[in-house]
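Reviewing the structure listed below.
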Amino acid sequence: MRLVDLLFPAEKFVERLLVWYGQSGRDLPWRNTRDPYRIWLSEIMLQQTTVAAVSNYYQRFLEHFPSVESLAAAPMTAVIDLWAGLGYYTRARNLHSAAKIVVDSYSGDFPADVEALQALPGIGRSTAGAILALAFDQQAPILDANVRRVLCRIGALQQPPRSTDAEKQLWHWSEQLTPLSKVHDYTQAIMDLGAMVCVPRQPLCEECPVLELCQAHDLGLEQQLPLKQVKKKLPNRHESALLINVAGRYLARRRMAEGFLGGLWEFPSVAFAEDDNSAEKAKFLLADFGLEGQLELLGSVRHTYSHFHLESSVYHVSVDCHGLVTEGENHWFSPEKLSNLALHGAHKKVLAKIYSKEK
DNA sequence: AATACGGGGAC
DNA sequence: GTCCCAGTATT
């Protein structure tokens with residue numbers, strides 16, 4: 001493929017964008033700092049996550065871990081507990097291991113170098129660029145969802161934006177536009193433009209400072225671009241989840257640290273095929289704990305993940321002893337403790353079935 | 001090149 | 001319901 005250059009001078013784009021940013025930019029919790037630790041934390045939290053979802057997590061996380069040293073010294077479970085609800089939990093694991101590397105190999109100072117940053121777990125090209133631009137004011141391009149959309153429209157890119165060719169073209173344009181000076185402001189500005197004006201649906205073109213440079217607008221394609229990705233149907237999965245009650249307390253366990261929903265808490269559950277009997281599976285699971293009792297189906301909850309739907313059949317059972325449950329990752333919790341537990345999203349819905357039962 | 005990886009808000 | 005979000009790592 002051949003890379004296309006933008007049809008206008010980058011300086012013209014940057015100049016207009018920065019004027020607009022000075023008047024209309026957002027005030028966000030991670031702005032007004034050049035602390036690489038804070039910039040890095042915000043960038044990781046914001047990967048594939050909305051600003052609204054991140055704000056409170058960011059503040060709370062910093063209260064517990066105000067420095068990279070404090071984060072590196074923490075147990076992984078404490079980091080996961082603070083991340084619970086944000087999603088994409090590999091980010092939390094990578095955050096923790098990257099913190100240790102920064103402390104051990106860089107004396108706690110983030111390297112101002114794109115290769116060194118990208119070598120840290122959880123930091124790809126765009127996040128490395130963001131840290132360089134925002135913390136060190138170094139000329140480095142980013143390509144997040146905001147910039148991707150702005151560039152798809154500015155350059156009227158007529159390809160699916162996540163295709164390999166499109167990626168190359170968009171990075172080229174991002175490099176072309178990223179200025180040598182005022183990179184910090186420029187980077188915040190182009191993200192704000194994407195978030196506030198050049199929004200996914202019904203872009204506010206009349207408010208756009210670079211409307212005259214926009215190829216999509218010239219062609220009347222601002223509503224069509226970026227092109228939509230072809231979506232595939234998500235498969236369904238099934239499980240039975242158990243609310244095992246002993247003297248008003250319920251059994252929960254922490255998932256293994258690695259893998260899907262790693263380190264989060266959940267109720268005992270077992271997956272089954274679509275045509276299996278959920279009650280039968282629940283009974284066997286209960287027997288695995290050395291327990292038996294009358295299972296009551298409280299209903300089912302549905303939860304959608306990034307790559308499948310889950311339907312969880314929720315069973316309640318009251319038993320009079322703790323069975324084989326003595327140690328390990330299993331614990332008995334009162335309902336009050338459960339509500340503060342780092343349960344994953346599907347089992348927060350499962351937990352809600354307790355309260356609907358108790359009323 | 002395709003897939004795994006969460007959860008919530010807007011419509 | 002669908003679409004989208006300050007993407008990266010693995011296969």
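By convention in this document, chain letters (A, B, ...) are assigned in the order of the sequence lines, proteins followed by strands, and residues within each chain are numbered from 1.
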**Any side-chain donor near an acceptor of the partner, A:Gln47 and A:Thr127, under 3.5 Å** =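 Result is yes, a qualifying pair exists.
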Protein-nucleotide distance ([X], atom [atom1]; [N], atom [atom2]), rounded to Å:
{"X": "A:His344", "N": "B:dG8", "atom1": "NE2", "atom2": "C1'", "value": "17 Å"}
{"X": "A:Lys348", "N": "B:dG6", "atom1": "NZ", "atom2": "P", "value": "13 Å"}
{"X": "A:Leu261", "N": "B:dA4", "atom1": "CG", "atom2": "P", "value": "14 Å"}
{"X": "A:Tyr57", "N": "B:dG6", "atom1": "OH", "atom2": "C1'", "value": "10 Å"}
{"X": "A:Leu264", "N": "B:dG7", "atom1": "CG", "atom2": "C1'", "value": "12 Å"}
{"X": "A:Lys232", "N": "B:dA2", "atom1": "NZ", "atom2": "C1'", "value": "8 Å"}

Between [N] and [M], how many Å separate the two [atom1] atoms, rounded to a whole number?
{"N": "B:dG6", "M": "C:dT11", "atom1": "P", "answer": "15 Å"}
{"N": "B:dG8", "M": "C:dA9", "atom1": "C1'", "answer": "24 Å"}
{"N": "C:dA6", "M": "B:dT3", "atom1": "C1'", "answer": "22 Å"}
{"N": "B:dC5", "M": "C:dC4", "atom1": "C1'", "answer": "16 Å"}

**Request:** Return no unless some side-chain N or O of A:His303 is found under 4.0 Å from OP1 or OP2 of B:dG7.
**Result:**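 It does, given that an N or O in the side chain of A:His303 lies less than 4.0 Å from OP1 or OP2 of B:dG7.
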**OP1 or OP2 of B:dC5 under 4.0 Å from side-chain N/O of A:His307** =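 It does, given that an N or O in the side chain of A:His307 lies less than 4.0 Å from OP1 or OP2 of B:dC5.
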Test ring-ring contact (aromatic ring centres under 6.0 Å, His included) applied to [X] - qualifying residues, sequence neighbours left out:
{"X": "A:Tyr21", "answer": "none"}
{"X": "A:His303", "answer": "A:Tyr305"}
{"X": "A:Trp171", "answer": "none"}

**Message:** For A:Glu274 and A:Arg237: C-alpha separation, side-chain torsions, deciding distance, then whether salt bridge (charged side-chain N to carboxylate O under 4.0 Å, His left out) applies.
**Reply:** CA-CA 7 Å; A:Glu274 174 153 18; A:Arg237 298 189 194 176; over 6 Å; no
**Asked** So what does A:Ile142 touch, heavy atoms closer than 4.0 Å: a base, only the sugar-phosphate, or nothing?
**Response**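 Answer is nothing: A:Ile142 stays at 4.0 Å or more from every strand.
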**Request:** Would you please name every residue forming a salt bridge (charged side-chain N to carboxylate O under 4.0 Å, His left out) with A:Arg26, sequence neighbours left out?
**Result:**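 A:Asp192.
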**Request:** Kindly write out the residues that satisfy salt bridge (charged side-chain N to carboxylate O under 4.0 Å, His left out) with A:Glu266, not counting sequence neighbours, or none if the list is empty.
**Result:**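 Here the qualifying residues are A:Arg253, A:Arg255.
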**Message:** I need a per-nucleotide contact map over nucleotides 2-11 of chain C, read 5' to 3'. Cutoff is protein heavy atoms under 4.0 Å; write B for the base, S for backbone only, - otherwise.
**Reply:** -SSBBBBS--
**Message:** Give the residues of residues 12-22 of chain A touching DNA chain B, defined as any heavy atom closer than 4.0 Å, sorted by residue number.
**Reply:**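 The stretch gives none, as no residue of it lies under 4.0 Å from the strand.
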**Asked** Which ILVMFWY residues can you reach from A:Leu225 by hopping between side chains whose heavy atoms are under 4.5 Å apart?
**Response**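 Via sub-4.5 Å side-chain contacts, A:Leu225 links to A:Leu219, A:Leu221, A:Leu227.
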**Prompt:** Toward the 5' end of DNA chain B, which comes first, A:Ala52 or A:Phe308, by nearest nucleotide?
**Reply:**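 The residue whose closest nucleotide sits nearer the 5' end is A:Phe308.
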**Item:** Toward the 5' end of DNA chain B, by each residue's nearest nucleotide, A:Gly87 or A:Ser163
**Value:**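 On the 5' side of the pair lies A:Ser163.
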**Message:** Quick check on A:Glu212: does its CD atom have over 12 non-hydrogen neighbours (other residues, nucleotides or ligands) under 6.0 Å away?
**Reply:**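 Not buried by this count: 12 neighbours or fewer within 6.0 Å.
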**Residue pairs fulfilling side chain to side chain donor-acceptor pair (under 3.5 Å) with at least one residue in residues 99-126 of chain A, sequence neighbours excluded** =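 Sorted result for residues 99-126 of chain A: A:Arg125-A:Glu175.
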